[in-house]
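Heavy atoms only: backbone and side chains are in, while hydrogens, waters and symmetry mates are out. Letters A, B, ... mirror the listed sequences (proteins, then strands); counts begin at 1.
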Amino acid sequence: MTAELTLTNVLTRKKESFEPVVPGQVSLYVCGPTVQDYMHIGHAKTYIAFDVIVRYLRYRGLRVRYVQNITDVGHLLDSGEDRILKGAARDRVQPMQVVETYMREYFADMDALGVGRPDISPRASGHIPEQIEMIKTLIASGHAYEVNGSVYFDVSAFPEYGKLSGRRVEEAEAGAREAVREEKRNPEDFALWKNAPPEHILKWPSPWGWGYPGWHIECSAMATKYLGETFDIHGGGRENMFPHNECEIAQAEAATGKPFARYWLLTGSLTLDGVKMSKSLGNVVRIKDAVAKNRPEAIRYFMLSAHYAGPIDYSDAALEASTRGWERIAGAYSAARQWLDRDKTVDGGPQTTEAGAEVAQAVTDLRARFIEAMGDDFNAPVALTVVQDLARLSNTLINANEPPARADVAACVALFDELAGGVLGILPKTAETGSGSAEREAGLINLLIEMRKDARARKDFAASDRIRDQLKALGVVLEDGKAGTTWKFGD
RNA sequence: GGCGCCGUCGCCAAGUGGUAAGGCAAGGGUCUGCAAAACCCUUAUACGUGGGUUCGAAUCUCACCGGCGCCUCCA
């Protein structure tokens with residue numbers, strides 16, 4: 001594949017051609033979740049976006065190392081203090097038990113959404129020595145200073161601070177408590193290490209006494225540890241651009257003297273019915289609840305229907321519309337697969353047709369359009385339209401008056417698997433080769449379809465409608481097409 | 001207040017200098033025992049508003065209006 005690969009680099013505010021540090025390989029770091037509560041659909045947007053980006057890069061033949069951290073310490077212990085520590089005290093559980101619980105929930109949610117696991121999921125609590133080392137380096141180079149057992153980054157010692165978010169130092173405002181604020185030389189300085197009050201449960205020994213790491217140092221330390229001092233892509237949600245991502249850059253570049261991530265990809269935010277989700281408004285939709293009400297593939301379709309860098313508004317109506325759009329693709333895929341299965345046992349169609357060359361060319365064109373769309377800053381919305389066009393091609397083929405060639409239908413199915421399945425991950429899971437019971441189920445349904453076919457042949461429509469209605473009550477929908485009856489799960 | 005993103009058909013959404021993709025919804029048609037699905041046709045002379053640049057702008061520029069995100073933990 002030689003199609004171009006460009007992406008919008010937030011750091012330069014330009015669309016650039018992607019050139020990895022090591023040709024053929026991609027090092028990617030994405031800011032992961034703070035595991036202190038159930039994951040919500042905003043997380044789903046970001047991680048589905050990077051899941052598809054990683055799938056596409058691999059599809060293009062690149063070797064990807066995908067690192068995504070788990071924040072289980074740090075700022076969690078600061079603002080999350082009441083939640084974690086009070087809750088932990090009340091329930092008499094260790095903070096790490098809380099963290100463990102939600103980390104498992106996070107992975108379960110991602111699995112349900114078909115989001116592939118990162119290659120490395122480093123936890124902040126497991127990299128305290130690395131963080132301490134980096135802090136020591138920063139102190140030695142004059143970029144940080146210690147006060148009362150805490151260490152702060154001296155923003156004035158890093159002139160480039162603000163280059164990602166476009167903010168200038170003078171604009172920064174300290175958000176820390178007054179006591180902490182007074183310790184700092186400048187209000188915009190931020191904590192690398194915090195002295196632990198006696199009531200803190202999670203704390204570690206350090207050269208500056210017992211304490212815990214600051215909010216941002218984990219990402220700098222873990223990204224450079226697993227990807228190198230300079231790596232290719234850093235991703236995350238746009239709302240973390242400042243201060244989190246900005247501080248990551250400052251820490252890492254001040255410590256190593258080298259550029260940190262070369263390309264920054266930030267995802268747009270998700271709103272719910274037009275407003276931001278927040279716990280105080282009580283309008284947070286958890287992933288597990290969304291998955292209970294919608295097909296995971298349809299949720300992916302919805303998230304991919306808008307460009308990753310832009311915003312998206314979640315609502316029941318929007319999900320409904322996306323589900324309909326997804327069903328067209330899933331239906332076309334399912335129908336084509338069933339056509340192939342039937343064709344094996346019944347009278348096979350012609351192996352080639354005059355239209356064959358045309359179909360082959362169409363398939364080639366669709367693949368090229370897909371690769372080009374995704375290669376242009378991962379334009380998934382356009383990629384989806386290519387899959388929609390494939391659905392039209394496939395549907396037209398198997399519903400035509402002239403029976404299609406088996407090879408043509410097979411080519412459509414293969415392209416569905418390759419693009420919609422492999423890269424976008426939106427093909428119905430139930431259509432994949434299933435367990436023994438799934439095959440038995442399919443066999444039973446096909447038996448009923450045969451019996452209904454016989455009933456229709458002798459004009460016994462009461463019997464044929466009974467089969468169709470009863471199956472529908474069981475969640476199996478029959479659809480009569482030109483080439484025979486297909487079935488799908490539905491309501 | 002500062003930084004940044006955005007405003008394209010009823011809804012969602014691509015397009016970022018060359019004359020408006022796609023999906024959903026709606027209307028008409030074909031197919032069907034009926035139904036569903038599918039397929040075909042129709043639906044923005046128009047891209048928040050007003051100027052400017054250009055042979056030419058939804059695309060560049062200025063102003064204004066409106067929405068959103070961040071500036072405090074947040075994907």
Looking at every heavy atom in both Gly114(A) and Arg55(A), which two are closest together, and how far apart are they? O-NH2, 2.9 Å

Taking C39(B) as the reference, what is the distance to A75(B) when you measure between their P atoms (whole Å, please)? 41 Å

Between the protein and nucleotides 68-70 of chain B, which nitrogen or oxygen pairs come in under 3.5 angstrom?
residue: G69(B); atom: OP1; partner: Lys276(A); partner atom: N; Å: 3.4
residue: C70(B); atom: OP1; partner: Lys276(A); partner atom: NZ; Å: 2.4
residue: C70(B); atom: O2'; partner: Phe242(A); partner atom: O; Å: 3.3
residue: C70(B); atom: O2; partner: Arg167(A); partner atom: NH2; Å: 2.8

Suppose we define a pair by two distances each less than 3.5 Å, Watson-Crick or G-U wobble; what does A75(B) pair with here? none

Nucleotide opposite U49(B) in a Watson-Crick or G-U pair, distances under 3.5 Å: A63(B)

Could you say whether Asp376(A) or Ala309(A) is positioned toward the 5' end of RNA chain B, judged by the nucleotide with the nearest heavy atom to each? Ala309(A)

Please determine whether a side-chain nitrogen or oxygen atom of Asn379(A) lies at a distance below 4.0 Å from atom OP1 or OP2 of G15(B). yes

Just checking Gly42(A): base, sugar-phosphate only, or nothing, at a heavy-atom cut-off of under 4.0 Å? base

Measure the distance from NE2 on His244(A) to P on G4(B) and round it to the nearest whole Å. 21 Å

Please report, rounded to the nearest Å, how far the P atom of A21(B) is from the CG atom of Asp365(A). 18 Å

Span that lies between the C1' atom of C60(B) and that of G22(B), in whole angstrom: 27 Å

Distances under 3.5 Å only, N/O to N/O: pair up the protein atoms with those of nucleotides 38-41 of chain B.
residue: A38(B); atom: O3'; partner: Asn395(A); partner atom: ND2; Å: 3.0
residue: A38(B); atom: O2'; partner: Asn399(A); partner atom: ND2; Å: 2.9
residue: C39(B); atom: OP1; partner: Arg328(A); partner atom: NH2; Å: 2.9
residue: C39(B); atom: OP1; partner: Asn395(A); partner atom: ND2; Å: 3.4
residue: C40(B); atom: OP2; partner: Arg392(A); partner atom: NE; Å: 3.2

Can you confirm whether Trp264(A) sits close enough to Ile249(A) that some side-chain heavy atom of one is under 4.5 Å from a side-chain heavy atom of the other? yes

Interatomic distance where CE belongs to Met303(A) and C1' belongs to A14(B) [whole Å]: 19 Å

Before we go on, tell me: are the rings of Phe302(A) and Tyr314(A) under 6.0 Å apart, centre to centre? yes

Which nucleotide in the set C73(B), A13(B), A75(B) lies at the smallest distance from any side-chain heavy atom of Pro381(A)? A13(B)

Have a look at Ala306(A) and say if it touches a base, only the backbone sugar-phosphate, or nothing, with a 4.0 Å heavy-atom cut-off. sugar-phosphate

Could you identify the nucleotide paired to C9(B), looking across every strand shown and requiring Watson-Crick or G-U wobble geometry with both distances under 3.5 Å? none

How long is the line joining NE2 of His216(A) and C1' of U72(B), in whole Å? 11 Å

I'd like the P distance from C9(B) over to U45(B), given in whole Å. 10 Å

May I ask you to say what Gly32(A) touches in the nucleic acid, namely base, sugar-phosphate or nothing, with a heavy-atom cut-off under 4.0 Å? sugar-phosphate

Quick one: does Arg468(A)'s side chain get under 4.5 Å of Asp465(A)'s, heavy atoms only? yes

How far does the P atom of A57(B) sit from the matching atom of G67(B), given to the nearest Å? 30 Å

By side chain to side chain donor-acceptor pair (under 3.5 Å), which residues pair with Arg369(A), not counting sequence neighbours? Asp389(A)

Report the residues that fulfil side-chain contact (heavy atoms from CB on, under 4.5 Å) with Ser394(A), sequence neighbours left out, ordered by chain and then residue number. Ala336(A), Cys412(A), Phe416(A)

Touch check for Leu270(A), heavy atoms < 4.0 angstrom, all strands: base, sugar-phosphate only, or nothing? base

Suppose you measure atom C1' in G23(B) against the same atom in A14(B); what distance do you get, rounded to whole Å? 11 Å

Any side-chain donor near an acceptor of the partner, Glu327(A) and Thr323(A), under 3.5 Å: no

Rounded to the nearest angstrom, tell me the gap between atom CG in Asp389(A) and atom P in A14(B). 17 Å

Classify the nucleic acid contact of His40(A) as base, sugar-phosphate or nothing, counting any heavy atom under 4.0 Å across all strands shown. base

Give none if U19(B) has no partner; otherwise give the nucleotide forming a Watson-Crick or G-U wobble pair with it, both distances under 3.5 Å. none

Please state the C1' separation for the pair A63(B) and G10(B) - nearest whole angstrom. 31 Å

Is a donor from one side chain sitting under 3.5 angstrom from an acceptor on the other, for Tyr29(A) and Asn69(A)? yes

Option among Gln251(A), Gln131(A), Glu248(A) that satisfies the side chain to side chain contact (heavy atoms under 4.5 Å, CB included) test with Cys219(A): Glu248(A)

Quick one: list whatever passes side-chain contact (heavy atoms from CB on, under 4.5 Å) with Ile426(A), sequence neighbours left out. Arg300(A), Tyr301(A), Leu304(A), Trp326(A), Ile329(A), Leu384(A), Ala420(A), Leu424(A)

Take atom C1' in G50(B) and the same atom in C55(B), then report the distance between them in whole Å. 23 Å

Using purine N1 to pyrimidine N3 plus N6-O4 or O6-N4 for Watson-Crick, or N1-O2 and O6-N3 for G-U wobble, each under 3.5 Å, what pairs with A26(B)? U42(B)

Of the listed nucleotides A75(B), C24(B), C73(B), the one nearest the side chain of Pro33(A): A75(B)

Can you check the Asp316(A) CG to C12(B) P distance for me, whole Å? 15 Å

Round to the nearest Å and state the distance from Glu320(A) atom CD to C24(B) atom C1'. 10 Å

N-O pairing of Asp109(A) and Arg286(A) below 4.0 Å: no

To the nearest Å, how far apart are Leu272(A) CG and G67(B) C1'? 16 Å

Same-atom distance (P) from U16(B) to U59(B), integer angstrom: 12 Å

Any base atoms under 4.0 Å from Tyr47(A), or only sugar-phosphate, or nothing? Heavy atoms, all strands. sugar-phosphate

Classify the side chain of Arg468(A) versus the base of C34(B) as yes if they form a donor-acceptor pair under 3.5 Å and no if they do not. yes

Lys14(A): what forms a salt bridge (charged side-chain N to carboxylate O under 4.0 Å, His left out) with it, not counting sequence neighbours? none

Checking all strands, does Arg452(A) fall into the base, sugar-phosphate, or nothing category for heavy-atom contacts under 4.0 angstrom? base

Between Lys194(A) and Glu183(A) (salt bridge meaning N to carboxylate O under 4.0 Å), is one present in this structure? no

Looking at the base of G33(B), is there any donor atom on it, or on the side chain of Asp465(A), that sits under 3.5 Å from an acceptor on the other one? yes

Any N/O donor-acceptor pair, Ser464(A) side-chain to G33(B) base, under 3.5 Å: yes

If each of Lys488(A) and Thr46(A) is mapped to the nucleotide of RNA chain B with the nearest heavy atom, which maps nearer the 5' terminus, i.e. the 5' end? Lys488(A)

Check the phosphate of A25(B) against Arg324(A), side-chain N and O only, distance under 4.0 Å to OP1 or OP2. Yes or no? yes

What does C68(B) pair with, Watson-Crick or G-U, if both distances are under 3.5 Å? G4(B)

